[in-house]
Peer 1: 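This is the structure I have questions about; it appears just below.
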Amino acid sequence: MIDVTIIGAGVIGSAIARELSRYDLDVLVLEKESDVCEGTSKANSGIVHSGYDAKPGTLKARFNVEGNKLIHELSKTLDFPFKENGSLVLALEEEGRKGIEELLERGKANGVPGLRILEKEELLGLEPNVSETAVCALYAPTGGIVCPFNMTIAFAENAADNGVMFRFDTKVNSIGKKTSDNGEAYYVLDTTGGSFETKTVINAAGVYSDVFHNMVSEDKIHINPRKGQYLLMDKAAGELVKSTLFQLPSKLGKGVLVTPTVHGNLMVGPTAEGIEDPEDTSTTSEGLDLLAQKGALSVKALPRLTITSFAGLRAHEDGGDFVIGEVKDSPGFIDAAGIESPGLTAAPAIGAYVAGIVKDILKASEKKEFISVRKGIPSMALATPEEREALIASDPSYAHVICRCELVTEGEIKNAINRTLGARTVDGIKRRTRAGMGRCQTGFCLARTIPLLAQALGVDEEQIRKSGKGAYYIEGKIKDNL
Ligand SMILES: Cc1cc2nc3c(=O)[nH]c(=O)nc-3n(C[C@H](O)[C@H](O)[C@H](O)COP(=O)(O)OP(=O)(O)OC[C@H]3O[C@@H](n4cnc5c(N)ncnc54)[C@H](O)[C@@H]3O)c2cc1C
């Protein structure tokens, strides 16, 4: 029997897996998609919130502030891109000043360090391209930006290096609650890859976390998916602002953010739309137009340099807070449910908290040989001339450029495929190396990435997928029909 089974390899499941891998436990992660980070964790703002937004006393407030601190440290030990660029909440009219003061007080109550209000002159000194209509702003110096894919992948890789097993393309269909001969509860998970008996279950299934909770508990929860669409702009727009600019909600609506990404693009978003279908990540022309209009309120001139758009789904639980902890009527079943924003920021803190619950239930002891450090894929784009030379000397394929927009080489792609939990799809390569993330959006590099992946996996090019099941690029070769 497995000690712990985690449903979902998003940032929450992966962070929990990493923390559990400190203990002498058999841990299994079941993920219905073909890779880590295929759900909401891949489609969000990538902001490491400082923690002024959540209501004091909530789980959101607690885990946001703790998570922010942890990400500052973990970005170094687990080697993922993070930048403390600071964030600003703009009041775009005088009436907003009161709201800014309230946020300041809330942030102080949550224990957020360094918060202060900037008046217009200081604001324009910090961000010369901020809109002239901005009256004042709340400045949060500990706000940051992170690569959500790399952070999630880093947690998962480190967990796997410490013995956690990951099963992809394995969908959990149902959970049966059982009692053993000695009266202890255990669970049987029926999946597309067989059935698994497990002493404890961690429900980290994102927008589906209510489904699993409700399979084992009489005390029902309900997730309402809320879609957020984004515009991602070319790196030529990336230096428009240094900080993340939020808008104070006003009579004009909730507002959107304008932010640089940690890789140097500019992003505008998200919309907030209640939807029925938890798979609906479509973007719409109305949504994207709205973003362009709202984003233009924060800055003097918002460039029209969009290279792609995407949408993510918030797992909003009706109670409005995260649902975390052992379910009362199901011993050993632990929720990490309803993890909407600031879930990315909160992930490492939630990971440590949930792992602590499991440790106590199973009376687990710490591993002596826990590997706390992980090294990411070297980036030729960011390397110094000396580092580039050393990489090329170690493997000449680091001199062979595959993605010219983002300067990604064959050596990096091979590394992405061959490492722990390596890429098995084109999106897997993209998220690990940035090949295809640039201006041409795979237009030039796809024809090179597919053969590299096919060769490394020992399969035909026809079998290479974009991401999930059935997303094949090549239907057949025209010359085969001649
Ligand atoms: C628009 C938007 C913007 C956001 N911006 C920010 C931000 O800037 N900062 C921040 O801190 N947070 C942000 N968030 C929140 C953050 O992205 C989420 O809290 C976080 O990604 C949730 O992670 P998760 O692991 O719970 O969910 P997911 O990433 O969705 O992972 C759940 C996993 O469970 C798997 N799964 C589901 N059902 C099954 C099944 N039956 N069998 C097996 N596997 C299953 C899914 O495939 C998925 O991989 C944002 C969210 C959205 C939507």
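In this text, all values refer to a predicted model and were calculated from it rather than measured experimentally. Indexing begins at 1, ligand by ligand and atom by atom, following the structure's order. Counting begins at 1 with the first residue of the sequence.
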Peer 1: Could you tell me, atom by atom, which parts of ligand 1 come under 4.0 Å of a heavy atom of Val11?
Peer 2: 20 (C), 21 (O), 23 (O), 25 (O)
Peer 1: Determine whether Glu19 and Arg22 satisfy the following criterion, salt bridge (charged side-chain N to carboxylate O under 4.0 Å, His left out), listing intermediate values before the conclusion.
Peer 2: CA-CA 6 Å; Glu19 285 303 314; Arg22 293 176 184 278; 2.8 Å; yes
Peer 1: Heavy atoms only, cut-off 4.0 Å: how does Ala204 contact ligand 1, side chain, backbone, both, or neither?
Peer 2: backbone
Peer 1: For Lys328, is the NZ atom crowded, meaning more than 12 foreign heavy atoms sit under 6.0 Å from it?
Peer 2: no
Peer 1: So is Leu344 polar-close to ligand 1, meaning N/O to N/O under 3.5 Å?
Peer 2: yes
Peer 1: How does Lys227 reach ligand 1, by side chain, by backbone, by both or by neither, if only non-hydrogen atoms under 4.0 Å count?
Peer 2: neither
Peer 1: For the backbone of Ala236 and the side chain of Glu239, can you confirm whether one donor and one acceptor N or O come within less than 3.5 Å of each other?
Peer 2: no
Peer 1: I'd like to check whether Lys171 has a polar contact with ligand 1, where a contact means an N/O of the residue lying under 3.5 Å from an N/O of the ligand.
Peer 2: no
Peer 1: Is the shortest distance from a Lys or Arg side-chain nitrogen in Asp35 or Lys42 to a carboxylate oxygen in the other one below 4.0 Å?
Peer 2: no
Peer 1: Can you tell me which residue and heavy atom of the protein come closest to atom 4 (C) of ligand 1, and the distance to 0.1 Å?
Peer 2: Asn44 CB, 3.2 Å
Peer 1: By the definition side-chain contact (heavy atoms from CB on, under 4.5 Å), identify the one residue from Asn158, Leu421, Asp26, Val29 that meets it with Val164.
Peer 2: Val29
Peer 1: Between Ala43, Ser341, Gly193, Ala9, flag the one that comes closest to atom 15 (C) of ligand 1 by a heavy atom.
Peer 2: Ser341
Peer 1: Can you list the atoms of ligand 1 that are under 4.0 Å from a heavy atom of Arg314?
Peer 2: 52 (C), 53 (C)
Peer 1: Side chain, backbone, both or neither: which applies to Leu30 and ligand 1 if a contact is any heavy-atom pair less than 4.0 Å apart?
Peer 2: backbone
Peer 1: Answer yes or no: is there an ion pair linking Glu157 with Arg419, defined by an N-O contact shorter than 4.0 Å?
Peer 2: yes
Peer 1: Give me the nearest non-hydrogen protein atom to atom 21 (O) of ligand 1 as residue plus atom name, then the distance to 0.1 Å.
Peer 2: Ser41 OG, 3.0 Å
Peer 1: Using a strict threshold of under 4.0 Å (side-chain N to carboxylate O), is an ion pair present between Asp79 and Arg374?
Peer 2: no
Peer 1: When the ring planes of His213 and Phe333 are compared, do they come out parallel, tilted or perpendicular, using 30° and 60° as the limits?
Peer 2: perpendicular
Peer 1: Do any nitrogen or oxygen atoms of Ile339 come within less than 3.5 Å of a nitrogen or oxygen of ligand 1?
Peer 2: yes
Peer 1: Does a donor on one side chain sit under 3.5 Å from an acceptor on the other, for Ser45 and Tyr230?
Peer 2: yes
Peer 1: Nearest protein heavy-atom contact for atom 2 (C) of ligand 1: which residue, which atom, what distance?
Peer 2: Tyr230 OH, 3.5 Å
Peer 1: Any idea which atoms of ligand 1 are less than 4.0 Å away from a heavy-atom of Gly312?
Peer 2: 53 (C)
Peer 1: Taking the non-hydrogen atoms of Asn64, is any one of them nearer than 4.0 angstrom to ligand 1?
Peer 2: no
Peer 1: In ligand 1, which numbered atoms sit nearer than 4.0 Å to a non-hydrogen atom of Ile47?
Peer 2: 7 (C), 8 (O), 9 (N), 10 (C), 11 (O)
Peer 1: Just by modelled atom types, is the Val65 backbone N or O under 3.5 Å from a matching donor or acceptor in the Asn68 side chain?
Peer 2: no
Peer 1: Short list, please: which atoms of ligand 1 are under 4.0 Å from a heavy atom of Leu313?
Peer 2: 53 (C)
Peer 1: Quick one: which ligand 1 atoms are inside 4.0 Å of a heavy atom on Glu33?
Peer 2: 47 (O)
Peer 1: With heavy atoms under 4.0 Å as the rule, classify the contact between Thr170 and ligand 1 as side chain, backbone, both or neither.
Peer 2: backbone
Peer 1: So if I count the atoms of ligand 1 from 1 in the order they appear, which ones are less than 4.0 Å from some heavy atom of Gly46?
Peer 2: 8 (O)
Peer 1: The test is salt bridge (charged side-chain N to carboxylate O under 4.0 Å, His left out); show your working for Arg431 and Glu38 and say whether it passes.
Peer 2: CA-CA 10 Å; Arg431 295 195 195 112; Glu38 286 276 348; 3.2 Å; yes
Peer 1: What I want to know is whether Pro270 and ligand 1 share at least one N or O pair that is separated by under 3.5 angstrom.
Peer 2: no
Peer 1: Grab the two heavy atoms, one from Lys199 and one from Leu362, that are nearest each other, plus how far apart they are.
Peer 2: CD-CD2, 3.9 Å
Peer 1: Find all atoms of ligand 1 within a distance of less than 4.0 Å from any non-hydrogen atom belonging to Pro342, and give their numbers and elements.
Peer 2: 10 (C), 11 (O), 12 (N)
